[in-house]
Asker: 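Just dropping this structure here.
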Number of protein chains: 2
Amino acid sequence: MPRVQDARDNRTDPSGTTAKPRSRRLPRQVRERQILDAAVKVFAKYGYHEAAMDEISDVAGISKPMIYAYLGAKDELFVACIRREANRLIESISQAVDTDLKPDEQLWRGLHAFFEYVNDNRDSWTVLHRQASVQGQPFTSELSEWRDRAMDMVAELLARAGGSSEQPVQLEQMQPFAAALVGAGESMLDWWADHPEYTADALSMRLMNLVWMGFGDMVQGRRWKPS
Amino acid sequence: MPRVQDARDNRTDPSGTTAKPRSRRLPRQVRERQILDAAVKVFAKYGYHEAAMDEISDVAGISKPMIYAYLGAKDELFVACIRREANRLIESISQAVDTDLKPDEQLWRGLHAFFEYVNDNRDSWTVLHRQASVQGQPFTSELSEWRDRAMDMVAELLARAGGSSEQPVQLEQMQPFAAALVGAGESMLDWWADHPEYTADALSMRLMNLVWMGFGDMVQGRRWKPS
DNA sequence: TCCATTACCTACTCACGAGTAAGACTACTC
DNA sequence: GAGTAGTCTTACTCGTGAGTAGGTAATGGA
């Protein structure tokens, strides 16, 4: 007769097949990080709706009520993910951009940092980008907010590039261009996923050429190069 | 005592509050169109998962089993929407592009047609674009397929623009640029939703300037104009 | 060694929504 | 006017998964 009663205690699991032996009694802070890590992974894999809280708790190596206790309901958890990952991404990019550099160089550094971050943090990016659609209201604002922040950063960068001290460019004027640029980057990233033979370097260089030189110049063989 | 028994017959509904008096016994073809119209509307409003079959049937003015009888399960219905709307969009654009024109002019017409289509068919566009994320497997292929078709169209256009008859450009080379361009358009469109004061004309012109002249040129005051 | 606190669990409930069974009604044909 | 094909409905089932009730057990301080 197979062990029926109480075979659930993974501390004594003899098979070694249990995915993650749960470490016991860790401080809240540590657990919260583990939960967020797991949530990002699972949300990236399935998207918000298909992601099951049960799976997140599994991956985190903890039971479901802990998630609710520490980070709240599913949508709150999702918002927490967005917040953390958005901050990380924006942080990475703004660190790469030195405002003392020439405008084109700034743009180049920014783009490059963007591509590198995404390359190194696929799940993070997927959660931020692939989920932008979920329109179920509660966290929609949170999602568009991070996007706006990113957009503003780019718009500012473009405004610095386009204006002089005598004749500054309206930040607003730059907004549609910023939108286009961010979207172009995102889309190229998607395309990259199916063509991994390219490097982050090569792709960000192409994007830089497209937005800085324009296709008209490129057709004639002119290229942008980092100084 | 309020009417409890059999108050459901909307043919005799006296209140006038019934949303849509159901027209009765229409041929299959007509119903299918109505269902697809309703589905596009509801999918656009809520996204795939949040959209309820019950609501679609309501909006279509028909009962739920009819949807299953005519167009199959939810995912099949969704695929049918994607297919129809993608065809309409691509049709619109390719009609606008006359391959006899100069390459930049072709590009301009294409962009313009794109912006106009989306302006006139918000729901259609939303379903195609905002849902690209849903990774739940069944119809993912359908979704990426239409995107690939769009991308190929653009890549071809760019290849024609960039190559000469002696030295043709590899279609493949154009792919990352096509991706960037499509993404830029999509993103600008999103931005547009929050800034309706712009016209389709103004925005497509900006995008054209960005991708054809490049930001470097634009900073110096050079602009692209339609001939 | 007792108590309070904090970490942690199993085993539920309960709503929602996809999908269906079973048949009614209409219109057309022969 | 009986049969048949196609339209259309109500009223269900039933799985799934978010969220919770109600506890146990480890830890650290008094």
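Chain naming here is simple, since letters A, B, ... match the order of the sequence lines and numbering starts at 1 in each. Computed from a predicted model, the values in this text were never measured in an experiment.
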Asker: For the rings on F114(A) and W125(A), is their centre-to-centre separation under 6.0 Å?
Answerer: yes
Asker: How is A69(B) classified with respect to the nucleic acid when contacts are heavy atoms under 4.0 Å: base, sugar-phosphate, or nothing?
Answerer: nothing
Asker: In whole Å, what is the span from the NE2 atom of H49(A) to the P atom of dC16(C)?
Answerer: 15 Å
Asker: Tell me: CD of Q29(A) to C1' of dT6(C), nearest whole Å?
Answerer: 15 Å
Asker: With the threshold set at 4.0 Å, does a side-chain nitrogen-carboxylate oxygen contact exist between K64(B) and D54(B)?
Answerer: yes
Asker: Between K74(B) and Y48(B), is NZ or CZ placed under 6.0 angstrom from the six-membered ring centre and within 45° of the ring axis?
Answerer: yes
Asker: Any base atoms under 4.0 Å from M66(A), or only sugar-phosphate, or nothing? Heavy atoms, all strands.
Answerer: base
Asker: Nearest whole Å is fine: how far is dT6(C) P from Y68(A) OH?
Answerer: 23 Å
Asker: Considering only side-chain heavy atoms of R31(B), which listed nucleotide, dA7(C), dA21(C), dC8(D), is closest?
Answerer: dC8(D)
Asker: To the nearest angstrom, how far is E32(A) atom CD from dC8(C) atom P?
Answerer: 11 Å
Asker: Quickly work out the K74(A) NZ to dC16(C) P distance and round it to whole Å.
Answerer: 16 Å
Asker: In this structure, how many angstroms lie between the C1' atom of dT16(D) and the CE atom of M53(A), rounded?
Answerer: 15 Å
Asker: Quick check for you: among dT10(D), dC8(C), dA18(D), whose closest atom lies nearest to any side-chain atom of A52(A)?
Answerer: dA18(D)
Asker: Would you say R25(B) reaches dG6(D)'s phosphate, i.e. side-chain N/O to OP1/OP2 under 4.0 Å?
Answerer: no
Asker: Taking only side-chain N and O atoms of Y70(B), does any of them lie within less than 4.0 angstrom of OP1 or OP2 on dT7(D)?
Answerer: yes
Asker: Can we say D37(B) and R84(B) salt-bridge, meaning some charged N sits less than 4.0 Å from an Asp/Glu carboxylate O?
Answerer: yes
Asker: Can you tell me if CZ on R28(B) sees more than 12 non-hydrogen neighbours from other groups inside 6.0 Å?
Answerer: yes
Asker: Nearest whole Å is fine: how far is dG17(C) P from K64(B) NZ?
Answerer: 10 Å
Asker: Rounded to whole angstroms, how far apart are CG on D54(A) and P on dA18(D)?
Answerer: 7 Å
